[in-house]
Amino acid sequence: MPYDQNNVFARILRGEIPCKKVYEDQHVLAFHDIRPQAPTHILVIPKGPYVSYADFSEQATPEEIVGFTRAVGLIARQAGVEDSGYRLIANHGPHSHQEVPHLHVHILGGRPLGPMLTKVD
Ligand code: AMP
């Protein structure tokens with residue numbers, strides 16, 4: 001799937017639409033999810049044009065991958081959910097209902113999150 005330069009996270013990265021920023025560095029931007037599903041619901045995105053985790057893990061430089069991985073851990077600590085616990089989710093493709101075709105990791109926490117998946121059948 002080619003990268004869509006007009007997806008909502010690309011537009012946030014270009015400053016065309018606002019976000020509630022919680023962290024930024026050379027490789028990474030993190031902001032609050034617009035429809036939070038837990039008291040802490042932060043999205044962490046690489047700045048590069050990667051559609052999904054599959055795309056990122058194949059195409060990104062080692063510096064981008066290290067920077068992104070470290071940032072996710074740092075942002076979770078800074079959000080204060082390290083001791084209580086949190087969940088990371090990265091949706092990829094139709095079965096996971098990925099809505100935005102720019103890699104993002106959800107950091108969810110701040111309350112007990114229940115079972116990992118809702119049973120659908
Ligand atoms: P996913 O289903 O994993 O692709 O999740 C996309 C997430 O992006 C959803 O949780 C949305 O609520 C969130 N989202 C969509 N537009 C925005 C926006 N403009 N600012 C912040 N979060 C957004």
Side-chain angles (χ1 to χ4, degrees):
M1 183 190 197
Y3 184 78
D4 169 11
Q5 294 288 349
N6 284 319
N7 78 75
V8 66
F9 295 167
R11 298 186 64 208
I12 286 175
L13 282 167
R14 289 198 296 270
E16 293 169 6
I17 56 175
C19 71
K20 288 190 180 165
K21 183 163 71 173
V22 298
Y23 176 87
E24 182 169 16
D25 68 21
Q26 184 188 355
H27 296 302
V28 173
L29 178 68
F31 48 89
H32 292 289
D33 196 292
I34 205 165
R35 290 188 297 273
Q37 297 190 39
T40 297
H41 189 169
I42 295 169
L43 300 173
V44 188
I45 70 173
K47 288 189 169 176
Y50 304 108
V51 174
S52 64
Y53 207 95
D55 187 21
F56 182 68
S57 59
E58 275 186 10
Q59 306 293 337
T61 65
E63 290 75 18
E64 287 174 297
I65 292 171
V66 169
F68 186 75
T69 304
R70 286 199 199 284
V72 171
L74 176 69
I75 293 159
R77 282 197 297 283
Q78 288 182 348
V81 292
E82 186 65 32
D83 291 341
S84 51
Y86 59 90
R87 184 170 292 155
L88 302 179
I89 296 176
N91 290 316
H92 168 58
H95 276 189
S96 76
H97 294 262
Q98 181 181 8
E99 282 175 26
V100 180
H102 182 116
L103 172 62
H104 49 285
V105 168
H106 300 253
I107 301 176
L108 293 149
R111 66 165 168 79
L113 295 169
M116 189 162 66
L117 293 177
T118 305
K119 199 165 167 28
V120 289
D121 46 18

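Order of appearance sets the numbers: ligands from 1, and atoms from 1 within every ligand.
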- Rounded to the nearest 0.5 Å, what's the gap from CG on Asn6 to CZ on Arg14? Could you check? 5.5 Å

- Quick note on ligand 1: atoms under 4.0 Å from a heavy atom of Arg35 include exactly 11 (C), 12 (O)

- Message: Under 4.5 Å between side-chain heavy atoms, counting indirect links through other Ile/Leu/Val/Met/Phe/Trp/Tyr residues: same cluster for Leu113 and Val81 or not?
- Response: no

- Query: Just which atoms of ligand 1 are under 4.0 Å from any heavy atom in Leu43?
  - Reply: 8 (O), 13 (C), 22 (N)

- Message: Give the atom numbers and elements of ligand 1 that come within less than 4.0 Å of a heavy atom of Val100.
- Response: 4 (O), 6 (C)

- Item | Inter-residue atom distance Asn91.CG - His106.NE2, 0.5 Å rounding | 5.0 Å

- Task: State if His106 counts as touching ligand 1 under the rule of any non-hydrogen atom under 4.0 Å.
- Result: yes

- Closest to atom 14 (N) of ligand 1 (judged by heavy-atom distance), picking from Val8, Asn91, Ile34: Ile34

- Message: Suppose I only count heavy atoms of Asp33 and a 4.0 Å limit; which atoms of ligand 1 are within that range?
- Response: 7 (C), 8 (O), 9 (C), 10 (O), 11 (C), 12 (O), 13 (C), 22 (N)

- Task: Just jot down the ligand 1 atoms closer than 4.0 angstrom to any heavy atom of His97, in number order.
- Result: 2 (O)

- Judged by non-hydrogen atoms, does Lys20 sit under 4.0 Å from ligand 1? no

- Check: Tyr53 ring centroid to Phe68 ring centroid under 6.0 Å: no

- Under 4.0 Å between a Lys/Arg side-chain N and an Asp/Glu carboxylate O for Glu64 and Lys47? no

- The protein heavy atom nearest to atom 1 (P) of ligand 1 is His104 NE2, 3.1 Å

- Note on the structure: Numbered in order shown, the ligand 1 atoms found under 4.0 Å of a heavy atom of His32 are 21 (C)

- Would you mind running through ligand 1 and noting each atom that sits below 4.0 Å from a heavy atom of Phe31? 21 (C)

